[in-house]
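Worksheet for the structure shown next.
Quick caveat, the model's predicted, so the values are computed rather than measured.
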Amino acid sequence: MKRWKKDIFARLFWSNKWLMAAGILLSYIQTQVLVTGNKKLSGAIDLMLEGNGSAGMDAAFIGWLVLLAAFGFAAAYGANQCAAYFAVRMQAQFRELAGKKIPWLEYAYFDGNDSASVMNRLVSDTGVVSLYYSEVLPAVVGTVITTVIILESMWKMDWKLVLYFLLVFPPVLLLSDYAGRRIAGLQKKHLQLWDEVNEIAYDNVQGIVVGRSYGLYPLMKKRVEDANRRILKFEFQRNRLSAIPWSLYHVVQWLPNLLFGIMTLYHVVAGELSVGTMTYFILMMDRVVHPLGELPQLLLEVKNARLSKQRLSELMEQPGEWGGEQSAQTVGNGNPSAGKGESGDLSAGNMPDDGISVEFEHVVFGYAGSGMVLDGVDFRIRKGEKAAFVGESGEGKSTVFKLLCGFYRQQEGTVRLFGRTLEQWGIEEARKCIAIVSQNVFLFPETIAWNIACGKAGCGREEIEEACKKANIHEFILSLPEGYATMAGERGDSFSGGQKQRISIARAFLKNAPVLLLDEPTSAVDVETERLIKEAVDRISTGRTVITIAHRLSTIEDADRIHVLSGGRIAEAGTQEDLLAARGIYYRLYERQREGGVPK
């Protein structure tokens with residue numbers, strides 16, 4: 001019962017049970033109409049053979065058949081509409097829930113799963129499940145209803161003939177079930193291989209510039225060919241098993257009919273059945289054999305759909321971001337970690353004035369499957385201070401940002417923002433106090449104005465243009481044919497890195513957050529673009545706490561305090577002048593960049 005409550009598709013099924021119940025009822029009525037009509041026809045045939053054809057084929061009989069046909073059509077149409085509406089509602093409700101869930105999944109999930117695999121689940125697996133609810137499940141239910149009702153009516157007429165049929169068909173179902181279980185086991189591998197192919201295709205598209213620049217076409221081609229070769233080899237094995245249900249389908253189509261026809265004819269010759277009853281049996285057997293012939297393949301599709309449902313359920317059961325949507329929804333219900341936190345309204349405009357913007361106290365953190373990245377980190381950054389973090393790759397500079405933004409949660413220690421822990425703030429409220437300008441800027445495939453307006457809900461055109469002027473990007477946008485209505489394209493690839501950086505800074509201007517996080521915004525840009533970005537950064541830094549991850553040390557020369565990360569701790573801290581005079585880790589980094597010809 002607990003599993004039923006936890007299963008997302010079980011809950012959706014239960015919420016739409018009335019549609020399924022209506023469909024089953026209408027399928028039952030449709031089959032009863034079929035049985036009743038064929039019984040009438042059987043009786044008419046017997047009357048004709050007795051020489052009383054006019055009594056069986058009068059106007060009342062014809063009218064009765066027309067009425068039954070109309071009633072059967074209405075029932076069939078209603079059953080079809082119920083099944084379609086049921087499937088559409090199930091699919092729409094799942095997509096809505098998935099759309100709400102995915103943005104709130106733990107950041108670690110996206111670190112551990114490639115985008116192609118996630119998208120394959122949402123697109124391919126959702127399509128399989130949708131087909132299951134729209135076609136496969138109604139077909140299975142309809143087959144069961146039709147078979148039970150027809151066999152029950154035939155049993156009342158001659159139970160021996162029904163028994164013959166029941167002895168023939170079960171072995172076919174057992175063989176089909178065996179093949180289905182084997183194929184279901186292979187289906188998981190099938191989906192994993194397609195995840196791999198999608199990932200390779202995604203990488204080839206994303207890395208097309210690098211691939212062409214470095215002549216990687218043969219390597220990229222080989223990766224695709226190797227993946228396709230593995231799929232081809234696997235599919236041969238899978239198709240050999242898949243052929244069993246299809247072969248059984250054809251066997252079921254002719255073998256029961258042949259045997260049953262012989263047996264009914266024998267009963268007629270023996271005087272145990274009338275010709276009309278034999279006709280009824282043969283007509284009804286055809287109505288049973290056809291759907292039962294498709295049942296092995298339907299059961300195979302049920303097993304495939306079950307695996308897709310399992311993959312989607314695993315996605316939906318992934319833990320959500322701590323303090324995320326679930327907490328936001330519990331505001332006002334007494335949950336101390338909900339929404340705005342346990343201390344009431346902690347919005348950016350109502351922060352305590354203790355002089356400290358950001359504080360890490362004995363913070364310990366390590367990623368799953370790797371060692372500790374931060375091992376007892378302590379630092380304080382005062383309001384309005386310009387702080388920077390430097391160190392070798394892998395020392396935890398980006399991890400500090402991820403913990404401060406709540407993307408990950410520290411294993412030990414405390415992270416405070418304006419004197420309150422992130423748990424007290426609530427993730428959503430805490431992030432309102434933080435604006436990020438990254439070296440890898442992401443733009444949505446929307447207009448430039450829309451991308452900038454992400455920084456402030458409901459902002460007007462004047463505010464957007466003012467932010468762009470401060471970010472030194474306004475003139476460039478006006479030079480475009482469609483101005484602010486220009487589409488950014490996929491990932492913003494129609495713009496240069498420097499242009500995207502300044503759009504990102506404009507977005508941060510609009511957000512107007514008291515804490516600004518800069519992840520080397522001037523990396524990999526030309527001298528003139530770097531000047532424009534520095535001017536914009538200087539403007540946005542005024543009156544804010546600015547924290548910078550620095551790779552080029554020339555970008556943090558004016559920092560009030562530089563923190564040097566090494567061995568999971570703050571090894572050194574001070575101004576650039578102090579750190580150079582100490583001739584420690586920072587001094588060695590500085591000298592290495594100077595001697596290597598890299599700007600300091």
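- In terms of heavy-atom proximity, L422 sits nearest to A430 at CD2-CB, 3.9 Å.
- Taking the salt bridge (Lys or Arg N to Asp or Glu O under 4.0 Å) definition, one finds that E96 meets it with K100, sequence neighbours left out.
- By the 4.5 Å heavy-atom criterion applied to side chains, T31 and V148 are not counted as neighbours.
- Of the possible donor and acceptor atoms, none in the side chain of T146 sits under 3.5 Å from a partner among the backbone N and O of T143.
- Side-chain contact between F13 and F86 is present, with at least one heavy-atom pair separated by less than 4.5 Å.
- For the pair T36 (side chain) and V33 (backbone), a donor-acceptor distance under 3.5 Å is absent.
- Here the CD1-CD distance, from I427 to E429, works out to 11.0 Å after rounding to the nearest 0.5 Å.
- Side-chain contact between L34 and M284 is present, with heavy atoms from C-beta onward closer than 4.5 Å.
- Using a cutoff of 4.0 Å between basic side-chain nitrogens and carboxylate oxygens, E314 and R311 are not scored as salt-bridged.
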Output, in order, the C-alpha distance, side-chain angles, deciding distance and verdict of side-chain contact (heavy atoms from CB on, under 4.5 Å) for S153 and K39. CA-CA 10 Å; S153 70; K39 281 183 178 179; 4.3 Å; yes
Checking side-chain contact (heavy atoms from CB on, under 4.5 Å) for the pair K309/Y133: CA distance, chi angles, key distance, verdict? CA-CA 11 Å; K309 286 168 60 178; Y133 284 115; 3.4 Å; yes
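- Between F94 and F9, the two ring planes are parallel [angle under 30°; tilted spans 30° to 60°].
- Residues V441 and S438 share a closest heavy-atom pair of CG2-O, 3.4 Å.
- Separation of atoms CD1 (I102) and OH (Y109) is listed at 7.5 Å; rounding is to 0.5 Å.
- For the residue pair I452 and R507, the shortest heavy atom distance occurs at O-CG, 3.7 Å.
- One distance of note links CZ of F495 with OG1 of T486; it measures 6.0 Å at 0.5 Å rounding.
- With a 4.5 Å cut-off on side-chain heavy atoms, C82 and L26 count as touching.
- A heavy-atom distance below 4.5 Å is found between the side chains of E423 and R409.
- Between F407 and Y107, the ring planes lie parallel to each other; the angle is under 30°, not in the 30° to 60° tilted range.
- No donor-acceptor pair closer than 3.5 Å links the side chain of N80 to the backbone N or O of A76.
- Using cut-offs of 30° and 60° for the angle between ring planes, the F442 and F444 rings count as perpendicular.
- To the nearest 0.5 Å, the span separating CE on M90 from OG on S15 amounts to 7.0 Å.
- The nearest pair of heavy atoms linking P138 to Y132 is CD-O, 3.9 Å.
- Taking 4.5 Å as the limit, some side-chain heavy atom of L312 sits within range of a side-chain heavy atom of T126.
- Atom-to-atom distance recorded for I145:CD1 and Q32:CD is 10.5 Å, nearest 0.5 angstrom.
- Note: L12 CG to Q93 CD = 5.5 Å, rounded to the nearest 0.5 Å.
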Using salt bridge (charged side-chain N to carboxylate O under 4.0 Å, His left out), reason through K432 and E428 one step at a time and then give a plain yes or no. CA-CA 7 Å; K432 291 178 182 179; E428 287 187 271; over 6 Å; no
Evaluation steps, side-chain contact (heavy atoms from CB on, under 4.5 Å), between L307 and V128: CA-CA 10 Å; L307 182 58; V128 171; over 6 Å; no
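- Taking all atoms of both residues into account, the shortest heavy-atom contact from S130 to Q91 is OG-OE1, 2.8 Å.
- Looking at every heavy atom in both residues, T447 comes nearest to A485 through CG2-O, 3.5 Å.
- With hydrogens and angles ignored, the 3.5 Å screen pairs a side-chain donor or acceptor of K101 with a backbone N or O of Q318.
- Residue-environment remark: CZ (F73) stays at or below the threshold of 12 foreign heavy atoms within 6.0 Å.
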